[in-house]
> 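Below you will find the structure I want to go over with you.
Numbered from 1 within each chain, the chains take letters A, B, ... in sequence-line order. This one's a predicted model, so the numbers in the text were calculated from it and none came from an experiment.
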2 protein chains.
Amino acid sequence: MQLDTIDYAILNALQKDGRLANASLAEKVGLSASACSRRLDTLEKSGVIRGYYARVSNKQLGHNLTAIVNLSLSGQFTKTLNEFEAAVKRCPNIVVCYLMSGEYDYTLHVVAKDLADYERIHRDWLTALPHVVKINSSFALREVIDRPNVGIDADLARSV
Amino acid sequence: MQLDTIDYAILNALQKDGRLANASLAEKVGLSASACSRRLDTLEKSGVIRGYYARVSNKQLGHNLTAIVNLSLSGQFTKTLNEFEAAVKRCPNIVVCYLMSGEYDYTLHVVAKDLADYERIHRDWLTALPHVVKINSSFALREVIDRPNVGIDADLARSV
DNA sequence: AAAAATTGCGCAATGTCCTTGCAAATTTGG
DNA sequence: CCAAATTTGCAAGGACATTGCGCAATTTTT
């Protein structure tokens with residue numbers, strides 16, 4: 001889909017406030033409410049906007065621990081990867097999972113309440129993941145950045 | 001803040017659809033619209049809900065590359081860390097940064113359009129980060145999971 | 001144990017907002 | 001340079017969020 005400056009402005013605004021009312025959004029990007037509403041509709045239907053979500057405070061819910069787990073599988077066969085990934089998706093505490101190049105096959109981010117909770121997750125979920133032959137966990141001591149998306153401002157400045 | 005089952009249901013629904021209208025939300029959690037609106041207000045003001053965000057498709061914006069960069073600094077002095085983190089926050093392509101325990105001091109997630117773009121970011125930003133003595137990049141071949149938050153369903157089942 | 005106070009609910013009204021139809025204006029393509 | 005197609009703004013109608021108010025249930029106080 002072809003995006004112009006106004007589309008980028010809409011995306012930028014909604015990345016910062018996903019519940020911004022259409023009326024305010026329209027004013028911010030310099031459009032009438034109806035035109036803005038129609039553009040937004042297009043952006044959603046085309047899949048540029050994948051959805052909206054509320055960001056909940058992990059701290060307030062007692063989730064104070066993030067672990068980064070690197071691991072390798074016994075092989076790279078499709079079946080092996082599929083079975084592993086299916087298992088990973090079932091674990092609600094795994095919030096990020098990438099298939100990687102390099103030393104390890106996968107990188108996971110695991111969120112837990114505390115060390116005891118992590119021990120439970122490790123026991124009930126991580127050790128149950130199939131085909132894992134090597135595993136390496138580190139703990140996040142502090143979250144320095146956690147942006148929902150790559151900045152669009154910068155993107156704009158470069159590509160327009 | 002003390003949360004009950006209905007609060008968790010609200011959080012759960014809004015994590016999946018941050019733009020869910022209050023009327024629908026109320027129906028979903030079994031409350032009148034006014035009661036639901038007031039609860040939501042409380043959740044927002046107390047900081048349990050940190051905000052709402054549109055989820056933009058990196059693919060559709062041409063951001064097809066995610067790199068995970070592990071690196072260590074020349075020391076762990078506060079000043080060293082602060083200077084490093086300040087520099088990291090300035091780079092719009094760095095979307096995740098954790099201070100870590102273990103072999104490396106920091107883990108970054110860097111989003112780029114393609115390899116050439118990554119080369120630019122590496123040259124202009126990463127090599128300019130102060131106090132870095134060891135650096136190790138891997139590329140994500142595929143995104144298996146990217147949840148905005150830890151699942152609350154599971155949390156509920158355990159804690160209620 | 002009774003009364004008072006606090007908390008949370010639903011209902012109803014008011015004001016705001018989103019959406020759709022339509023005509024004008026702008027952009028695109030031949 | 002003109003015609004077709006897309007996009008815009010305006011206005012109306014319908015939906016929605018929010019606030020005050022009375023009521024019920026639970027908790028605290030006496």
Side-chain angles (χ1 to χ4, degrees), chain A residues 1-57 60-62 148-149 152-153 155-160, chain B residues 1-57 59-62 148-149 152-153 155-157 159-160:
Chain A
M1 178 185 175
Q2 191 63 22
L3 303 177
D4 65 11
T5 310
I6 296 182
D7 291 315
Y8 279 110
I10 291 175
L11 293 178
N12 199 34
L14 290 177
Q15 277 193 8
K16 289 176 188 153
D17 180 4
R19 281 211 136 182
L20 195 61
N22 181 67
S24 319
L25 180 63
E27 189 186 8
K28 186 169 284 198
V29 303
L31 237 57
S32 73
S34 59
C36 187
S37 171
R38 275 184 269 249
R39 269 178 187 260
L40 188 52
D41 198 51
T42 308
L43 287 169
E44 289 169 355
K45 283 185 178 143
S46 71
V48 174
I49 294 179
R50 289 166 61 194
Y52 303 88
Y53 64 96
R55 172 158 268 237
V56 170
S57 163
Q60 294 250 15
L61 291 186
N149 285 102
I152 288 189
D153 289 323
D155 201 73
L156 245 186
R158 210 169 339 114
S159 67
V160 174
Chain B
M1 178 187 175
Q2 191 64 19
L3 303 177
D4 65 10
T5 311
I6 296 182
D7 291 315
Y8 278 111
I10 291 175
L11 293 178
N12 198 36
L14 289 176
Q15 276 193 11
K16 289 175 188 155
D17 179 4
R19 282 212 136 181
L20 194 61
N22 181 65
S24 320
L25 181 62
E27 190 186 8
K28 187 169 284 197
V29 304
L31 237 57
S32 74
S34 59
C36 187
S37 172
R38 273 184 269 249
R39 270 180 187 258
L40 189 52
D41 196 53
T42 308
L43 287 170
E44 288 169 357
K45 282 184 180 145
S46 71
V48 174
I49 294 178
R50 288 168 60 192
Y52 301 90
Y53 300 91
R55 170 163 270 242
V56 171
S57 163
K59 275 231 174 84
Q60 295 251 15
L61 290 186
N149 285 103
I152 287 188
D153 290 324
D155 202 73
L156 246 187
S159 67
V160 174

> Atom CG of B/L25 and atom C1' of D/dT18: how far apart are they, to the nearest Å?
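It is 15 Å, rounded to the nearest whole Å.
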> Starting at atom CG of B/D7, determine the distance to atom C1' of C/dT7, rounded to an integer number of angstrom.
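Atom CG in B/D7 sits about 14 Å away from atom C1' in C/dT7.
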> Looking at B/P148, is its backbone amide N or carbonyl O close enough to the side chain of A/R55 to form a donor-acceptor pair, meaning the two atoms are under 3.5 Å apart?
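Side chain of A/R55 to backbone of B/P148, a donor-acceptor pair under 3.5 Å: no, none is there.
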> Could you give the side-chain donor-acceptor pairs of residues 20-32 of chain A under 3.5 Å, partners two or more places apart or in another chain?
from, atom 1, to, atom 2, distance (Å)
A/N22, OD1, A/S37, N, 3.3
A/N22, ND2, A/A33, O, 3.0
A/S32, OG, A/S34, OG, 3.2
A/S32, OG, A/A35, N, 3.3

> Which of residues 32-46 of chain A have a heavy atom under 4.0 Å from DNA chain D?
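A/S32, A/S34, A/A35, A/R38, A/R39 - these, ordered by number, are the residues of the stretch whose heavy atoms sit under 4.0 Å from the strand.
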> Of all heavy-atom pairs between A/D7 and A/Q2, which one has the smallest distance, and what is that distance?
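The answer is OD2-O, 4.1 Å.
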> Distance check needed: D/dA17 P versus B/I10 CD1, whole Å only.
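It works out to 13 Å between those atoms.
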> Between P on C/dT27 and CD1 on A/I6, what's the gap in Å once rounded to a whole number?
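Spelled out: CD1 on A/I6 to P on C/dT27 is 11 Å.
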> Could you go through B/L61 and A/L11, starting from their C-alpha distance and side-chain angles, then the distance that decides it, and tell me whether this counts as side chain to side chain contact (heavy atoms under 4.5 Å, CB included)?
CA-CA 11 Å; B/L61 290 186; A/L11 293 178; 4.1 Å; yes
> Using whole Å, what does the distance between atom C1' of nucleotide D/dC16 and atom CD of B/E27 come to?
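Interatomic distance, CD of B/E27 to C1' of D/dC16: 14 Å.
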> Give the rounded distance in Å between these two atoms: CG of A/D4 and P of C/dT26.
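Value for this atom pair: 16 Å.
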> Whole Å only: how far is the CZ atom of A/R19 from the C1' atom of C/dC18?
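Distance, rounded to whole Å: 14 Å.
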> How do B/L31 and A/S24 order along DNA chain C: which one's closest nucleotide is nearer the 5' end?
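Per heavy-atom nearest nucleotide, the more 5' residue is B/L31.
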> Is the closest side-chain heavy-atom distance between B/Q60 and A/L43 below 4.5 Å?
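With C-beta onward as the side chain, the pair stays apart.
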> Quick check: do A/V56 and B/L14 have side-chain heavy atoms less than 4.5 Å from each other?
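They are not in contact (no side-chain heavy atoms under 4.5 Å apart), so the answer is no.
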